[in-house]
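Worksheet: one structure, shown below.
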There are 2 protein chains.
Amino acid sequence: MPQKPFVSAQEVAERAGVSRSAVSRTFTPGASVSPETRRRVVEAAEALGYHVNHLARGLMRNESGIVCLIVSEMSTPYRANLIRAMTQQLQNAGKVAMLINTDRSDGSVDLALRQAIRYRADASIILSGMPDRSITQLCLKNGQRLVLINRDDDQQGPLRINLDDAEAAGRVVTAFVRAGCRRLAFANSQAGTPSLMAREHGFVGAAKAMGLPVLVERHGPTNYESGRVLAQRLLTLGERPDAVFCATDLLACGFMDAARHQFRLSIPDQLCVAGFDDIEQAAWSSYDLTTFAQPVDRIAREAVAWLVNEREEPADHSVRFRPDLVWRSSVRGG
Amino acid sequence: MPQKPFVSAQEVAERAGVSRSAVSRTFTPGASVSPETRRRVVEAAEALGYHVNHLARGLMRNESGIVCLIVSEMSTPYRANLIRAMTQQLQNAGKVAMLINTDRSDGSVDLALRQAIRYRADASIILSGMPDRSITQLCLKNGQRLVLINRDDDQQGPLRINLDDAEAAGRVVTAFVRAGCRRLAFANSQAGTPSLMAREHGFVGAAKAMGLPVLVERHGPTNYESGRVLAQRLLTLGERPDAVFCATDLLACGFMDAARHQFRLSIPDQLCVAGFDDIEQAAWSSYDLTTFAQPVDRIAREAVAWLVNEREEPADHSVRFRPDLVWRSSVRGG
DNA sequence: GCAGCATTTGCACGCGCTTGCAAAAAAGCG
DNA sequence: CGCTTTTTTGCAAGCGCGTGCAAATGCTGC
């Protein structure tokens with residue numbers, strides 16, 4: 001559609017009887033314009049339906065106002081919620097979100113970051129996957145800010161926001177033991193992301209420290225169906241576990257459904273279940289799942305606050321949140 | 001961050017020993033460049049980490065490649081899924097999605113569309129709310145394409161994608177009657193969007209046509225909690241309904257949970273429940289909900305295909321899908 | 001009325017890119 | 001080899017905007 005129907009500052013200037021710079025200044029906060037000129041410009045702009053071209057403005061200012069959100073499996077409850085919080089915070093800060101879908105394939109995140117560079121995004125927020133170091137360096141060198149959420153990377157430059165997964169996992173062990181459970185299990189997906197593995201190691205480590213053995217099972221992607229499969233595996237054993245910590249709520253929902261409907265187990269009487277994320281469904285009464293709440297709003301606020309910050313990078317770019325344990329009825333003795 | 005660290009076509013040209021136009025043409029599909037020149041340009045670009053500035057390109061071409069997705073409550077399962085499908089299709093078509101959150105407040109969608117105009121989005125896709133006519137006209141006049149999903153508006157110009165809600169609702173009545181139900185109820189939110197109202201009217205109309213009375217209850221936003229409240233209202237009546245059609249799956253989940261856990265009803269023996277959307281949770285075995293599948297992927301494909309279409313607008317801009325009835329165990333006799 | 005100052009305005013340039021046009025190079029052909 | 005035809009290349013203009021600079025304007029106080 002190579003037409004040029006958008007009204008430009010030039011036309012507004014002509015109609016208002018002022019110079020084009022006056023129009024420009026009217027829409028630039030803090031610029032010097034007399035009230036009278038501003039009034040006439042605004043009036044003309046209104047009448048003509050003028051809107052500042054942010055593409056051109058971005059070109060001049062070297063600041064597009066665009067922030068890239070790089071996500072895979074964005075329709076899962078936790079991700080969707082994080083995206084919501086992020087876009088909301090970005091809008092509040094006068095930025096706008098560009099959303100890019102990635103998949104499991106290698107280089108998918110790199111491709112997304114290249115897109116971010118092409119659109120001269122002021123920043124990129126990576127919620128899934130790990131980009132190649134060379135690409136992140138390219139972004140940083142280009143003055144683009146980078147936020148890594150739960151990526152557990154050690155490179156300097158990006159803001160790294162992480163949860164204390166291992167510590168949280170340890171608290172689950174304590175809860176299970178208090179509930180009188182002795183045969184612990186951990187249900188994980190095969191995705192192997194740093195967060196998931198930290199939960200696994202934290203859980204296993206804490207259990208070992210208390211002298212309790214742990215059954216660990218891993219299967220498939222991090223979703224409901226995998227939770228069911230994991231239940232199949234863990235609940236058909238001779239010595240059935242009496243408490244299972246699922247690496248995410250989605251896994252836990254699948255696990256609980258299989259445990260109840262297929263194995264006729266009563267939760268929490270015969271089996272305690274805990275999850276992670278506190279997705280909306282965890283609060284639904286069919287699950288009423290004890291879980292850890294990811295502070296998505298605080299994460300989003302922190303990320304956006306950091307990336308709109310004019311100042312040079314602060315000393316440490318790493319933030320660590322301690323997730324809240326949300327007690328519900330899937331674990332005895334809350 | 002008013003630095004200028006990005007490498008420009010000029011620099012690539014110098015390094016490759018060619019003119020700036022040659023660089024430009026190398027990255028413009030279909031432009032005339034000799035293989036040798038292209039090779040040298042690509043090599044230099046690679047070495048320098050050059051990426052075409054899409055802001056500037058959009059300025060020249062009058063085509064930004066940006067498509068705006070305007071959504072409210074984007075973390076609900078149905079919306080999140082639609083966003084996923086849309087971004088995916090857009091990426092496949094070489095476009096990029098800009099995501100804008102709206103809320104219930106008046107003018108929220110208008111604000112979003114203004115943002116779309118400022119970034120010179122090639123198109124806007126509206127998944128929630130209704131913009132003011134003056135704004136949509138402004139968008140269209142500016143050559144921006146518009147897609148309205150389930151908005152049921154009658155104005156010409158935008159592509160309007162709708163579901164046959166009323167017809168689907170009629171099929172539910174038939175199903176309920178076949179299942180031997182006689183006391184029908186409809187559980188709706190108070191949002192009052194065209195889709196929701198069409199489902200209500202379709203259901204009530206079809207039931208009336210079969211000589212069956214229908215209890216209709218409306219409450220709150222379209223979410224799980226409202227479903228619970230609606231169950232409170234509808235299940236405490238003297239003559240308790242034996243079949244309820246919930247306007248969305250989310251309402252249905254809340255309704256079912258309350259019916260089971262609070263009223264100790266067995267589904268589908270004592271109560272048949274049907275929903276709409278076929279969100280992921282509908283397939284979870286705790287619900288196993290009979291519902292209508294929104295063809296999100298087809299909707300997304302249709303929308304994107306239309307908006308990347310170079311041609312002048314086709315005669316009719318309205319597409320209507322017939323949702324598939326997904327039979328599960330929440331209704332007897334599937 | 002005028003010097004002295006602060007504020008506002010217009011001019012002109014440049015951000016990084018695409019593209020029409022005409023010149024230059026390459027290719028085809030008798 | 002010279003000529004025509006095709007392809008490739010460079011030049012320069014311009015997309016819509018922000019902004020430094022100098023000229024113009026408005027104010028103040030004498």
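Lettering follows sequence order; numbering is per chain, from 1. Just so it is clear, the structure is predicted and the values come from calculations on it, not from any experiment.
Here the side chain of B:Ser75 pairs no donor or acceptor atom with the backbone of A:Asn81 at under 3.5 angstrom. At distances below 3.5 Å, at least one donor-acceptor pair connects side-chain atoms of B:Arg151 with backbone N or O atoms of B:Ile149.
Between D:dC11, D:dC17, D:dT8, one nucleotide has an atom nearer to the side chain of B:Ser21 than all others, and that is D:dC11. Nearest nucleotide to the A:Arg57 side chain, out of D:dT9, C:dT9, D:dG18: D:dG18. Set against C:dC17, C:dT18, D:dG16, the side chain of B:Ala56 has C:dC17 as its closest nucleotide. Checked against C:dG10, D:dG16, D:dG10, the side chain of A:Leu59 finds its nearest nucleotide in D:dG16.
Within the 4.0 angstrom heavy-atom criterion, base atoms lie near B:Ser32. If you check every strand for non-hydrogen atoms under 4.0 Å, B:Ser8 touches sugar and phosphate atoms only. B:Tyr50 comes within 4.0 angstrom of sugar-phosphate atoms only, judged by non-hydrogen atoms across all strands, and of no base. Here A:Val23 lies out of heavy-atom contact (under 4.0 Å) with every strand. Residue B:Ser24 is classed as a base contact, given a heavy-atom separation below 4.0 Å to a base.
Taking only distance into account, the side chain of B:Arg25 meets the base of D:dG10 through a donor-acceptor pair shorter than 3.5 Å.
Between the CD atom of A:Glu14 and the P atom of C:dG10 there is a distance of 13 Å, given to the nearest Å. Here C:dT18 presents its P atom at 10 Å from CZ of B:Arg20, a figure rounded to the nearest Å. A:Gln10 has its CD atom 11 Å from the C1' atom of D:dC17, to the nearest Å. Distance CZ (A:Arg61) to P (D:dG16): 18 Å, rounded to an integer number of Å. Following rounding to the nearest Å, A:Met60 (CE) and C:dC13 (P) show an atom-to-atom distance of 14 Å. Protein atom CZ of A:Phe27 is 17 Å distant from nucleotide atom C1' of D:dT19, rounded to whole Å. Atom C1' of nucleotide C:dC17 and atom CZ of A:Arg120 are separated by 10 Å, given to the nearest angstrom. Going from atom CG of B:Asn62 over to atom P of C:dT19 covers 11 Å, rounded to whole Å.
With DNA chain D read from its 5' end, the first of the two nearest nucleotides for B:Ser19 and A:Ala9 is the one closest to B:Ser19.
Nearest heavy-atom pair across A:Asp103 and A:Ser108 is N-OG, 3.0 Å. Taking every heavy atom of both residues into account, A:Val109 and A:Gly129 meet most closely at CG2-CA, 4.1 Å.
The aromatic ring centroids of A:Tyr50 and A:Phe6 lie 6.0 Å or more from each other.
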Validation: residues 295-303 of chain A side-chain donor-acceptor distances under 3.5 Å, sequence neighbours left out:
none

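Contacts with DNA chain D (heavy atom under 4.0 Å) in residues 36-49 of chain B: B:Thr37, listed by number.
In this structure, a donor-acceptor pair under 3.5 Å is present between the side chains of A:Thr87 and B:Asn101.
Ion pairing of B:Arg38 with B:Glu43 is absent here, as no side-chain N (NZ or NE/NH1/NH2) approaches a carboxylate O to less than 4.0 Å.
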